[in-house]
Structure formats: C-alpha cells, structure tokens
Amino acid sequence: MDPRLIVTVPVLTYYVIMGLFALAQSTVGATFTQGQPAFLLVVGVIGPLIALGLVWLRNYIYGAPLLVGALLPTAWFICYFFFVHDNPANVFAVGGEGSTAYLVATFGIVATSLISAGVSCWLWYQVSPQFRTAVDRFIRPEAAE
C-alpha cells in the first residue's frame with residue numbers, strides 16, 4: 001500500500017476534527033487569548049498541510065519529520081491551554097449548549113494529532129536510516145555496542 005495514503009487518512013481525520021472544534025468553539029462562544037489563534041493556524045493547520053504536501057510529492061525525508069514537528073506541539077498546546085491553563089477557552093470554563101461538543105472535539109484534536117504523529121514517525125522510520133538507527137539505539141542500547 002502507498003505510504004502516502006497511510007499518512008493521509010489520520011491527517012485528514014485530524015483536519016475534520018479541527019473543523020468540528022472550530023464549529024463547537026463558535027457555538028459555546030469561547031474566546032481565545034491573544035496567541036492561541038495564531039499558534040493553531042500556523043503550527044496546527046498550515047504546518048501539517050505543508051508536510052502533507054511534501055509527503056504527497058514523495059519528499060518523505062522532510063515531510064514526515066515536519067508532520068511530527070507540527071502535530072506533537074499542537075497536541076501539547078491543546079492539552080495545556082484547553083485542559084489545564086486557566087483561560088476563557090478552557091473546556092471546563094465554558095458551559096451551556098455545545099460545551100460537550102467542545103470538550104469532545106478538543107480531546108479529538110489531541111487524539112488525532114498523536115495518532116497522526118505516530119503514523120508519521122512510522123513513515124520517518126521507514127525512509128530515514130539515521131532516524132532508524134537513533135530509534136534502534138534508544139530501544140536496544142546493548143545492540144549498538
């Protein structure tokens with residue numbers, strides 16, 4: 001099977017969940033702080049889109065690490081600013097109609113970004129001998145000697 005399809009499916013699912021998140025956010029009226037929209041747009045939307053384009057151009061050496069480098073920080077950002085940090089966009093600070101959808105969509109972003117990053121790591125492992133060596137040495141240090 002084409003590795004581009006294997007990577008594309010979770011990333012497209014991630015984008016669908018991002019759209020549901022935006023819809024749920026507008027329903028509950030949660031307001032973002034100053035830097036949140038910029039981070040989500042640049043790192044959470046444009047970064048994976050460029051990386052997916054590179055993957056489809058068969059430039060796996062740059063596409064796979066860029067996907068990992070965009071999706072893992074997005075997962076951390078969402079976890080911190082929407083579940084932990086006290087701000088108006090926190091899922092526990094909103095109420096009313098749509099708050100459950102907002103909670104589920106926010107959790108969905110974290111889940112799909114982690115899954116997509118995992119699949120991207122798999123692709124990166126497949127195409128990069130240096131990354132494969134680093135992972136193998138980390139997993140089995142005794143075999144590196």
Side-chain angles (χ1 to χ4, degrees), residues 3-141 144:
R4 296 178 297 177
L5 294 175
I6 295 170
V7 172
T8 300
V9 170
V11 173
L12 288 181
T13 304
Y14 165 79
Y15 278 116
V16 168
I17 299 296
M18 282 289 263
L20 293 174
F21 170 78
L23 183 65
Q25 182 268 336
S26 66
T27 302
V28 297
T31 55
F32 290 144
T33 59
Q34 187 175 9
Q36 289 174 335
F39 184 90
L40 289 174
L41 178 66
V42 173
V43 178
V45 176
I46 295 172
L49 190 61
I50 291 170
L52 194 59
L54 289 171
V55 167
W56 273 95
L57 292 172
R58 296 184 191 269
N59 189 342
Y60 304 130
I61 296 298
Y62 292 113
L66 182 58
L67 261 174
V68 173
L71 293 169
L72 287 181
T74 300
W76 174 87
F77 184 85
I78 295 290
C79 283
Y80 182 73
F81 283 104
F82 293 89
F83 288 108
V84 177
H85 189 263
D86 185 25
N87 66 76
N90 188 305
V91 294
F92 305 115
V94 298
E97 201 170 316
S99 60
T100 303
Y102 184 60
L103 172 66
V104 171
T106 306
F107 179 75
I109 291 174
V110 173
T112 56
S113 62
L114 291 175
I115 291 167
S116 298
V119 172
S120 300
C121 275
W122 165 82
L123 178 61
W124 192 8
Y125 184 85
Q126 298 297 316
V127 300
S128 173
Q130 295 87 358
F131 184 64
R132 188 175 324 117
T133 301
V135 170
D136 291 345
R137 284 183 180 168
F138 180 75
I139 293 174
R140 296 178 309 188

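On a predicted model such as this, the values are computed, not experimentally measured, just so you know. Keep in mind that the numbers below use all heavy atoms, side chains included, and drop hydrogens, waters and symmetry copies. Here, residue 1 is the first one in the sequence, and each next residue gets the next number.
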- For Phe92, what residues pass the ring-ring contact (aromatic ring centres under 6.0 Å, His included) criterion, not counting sequence neighbours?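 Testing Phe92 for ring-ring contact (aromatic ring centres under 6.0 Å, His included), a comparison that skips the adjacent residues, returns none.
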- Considering only heavy atoms from C-beta outward, does the side chain of Val110 approach that of Phe82 to under 4.5 Å?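 No - every pair of side-chain heavy atoms lies 4.5 Å or more apart.
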- Item | Set of residues satisfying salt bridge (charged side-chain N to carboxylate O under 4.0 Å, His left out) with respect to Arg4, sequence neighbours excluded | Asp2
Give the minimum heavy-atom separation between [X] and [Y], together with the two atoms involved.
X      : Y     : answer
Ala51  : Gly63 : CB-O, 3.5 Å
Pro48  : Leu71 : CG-CD2, 3.9 Å
Ser120 : Val7  : OG-CG1, 4.3 Å

Apply side chain to side chain contact (heavy atoms under 4.5 Å, CB included) to [X] and list each qualifying residue two or more places apart in sequence or on a separate chain.
X      : answer
Val135 : Tyr125, Phe131, Ile139
Ile46  : Leu41, Ile50
Pro88  : Thr31, Thr33
Pro10  : Ile115, Ser116, Val119

For residues 102-109, tabulate all N or O donor-acceptor pairs below 3.5 Å that involve a side-chain atom, not counting sequence neighbours.
from	atom 1	to	atom 2	distance (Å)
Tyr102	OH	Ala89	O	2.6
Thr106	OG1	Tyr102	O	2.6

- Atom CG in Leu67, atom CG in Leu54: separation rounded to 0.5 Å? 9.0 Å
- Task: Output the distance between atom CG (Leu114) and atom CD1 (Ile78), rounded to the nearest 0.5 Å.
- Result: 11.0 Å
- Note on the structure: Residue pairs meeting ring-ring contact (aromatic ring centres under 6.0 Å, His included), one or both in residues 36-74, sequence neighbours left out, come to Phe39-Phe77
Per-pair distances, 0.1 Å, donor-acceptor, side chain in residues 14-28, under 3.5 Å, sequence neighbours excluded:
from	atom 1	to	atom 2	distance (Å)
Tyr14	OH	Gly44	O	2.6
Tyr15	OH	Val45	O	2.5
Tyr15	OH	Leu49	N	2.8
Gln25	NE2	Ala30	O	2.3
Ser26	OG	Ala22	O	3.4
Ser26	OG	Leu23	O	2.8
Thr27	OG1	Leu23	O	2.8

- Quick one: which residue pairs count as a side chain to side chain donor-acceptor pair (under 3.5 Å) with a foot in residues 69-96, not counting sequence neighbours? His85-Asn87
- Message: Between Cys79 and Val84, does the side-chain contact (heavy atoms from CB on, under 4.5 Å) criterion hold? Intermediate values first, please.
- Response: CA-CA 7 Å; Cys79 283; Val84 177; 5.9 Å; no
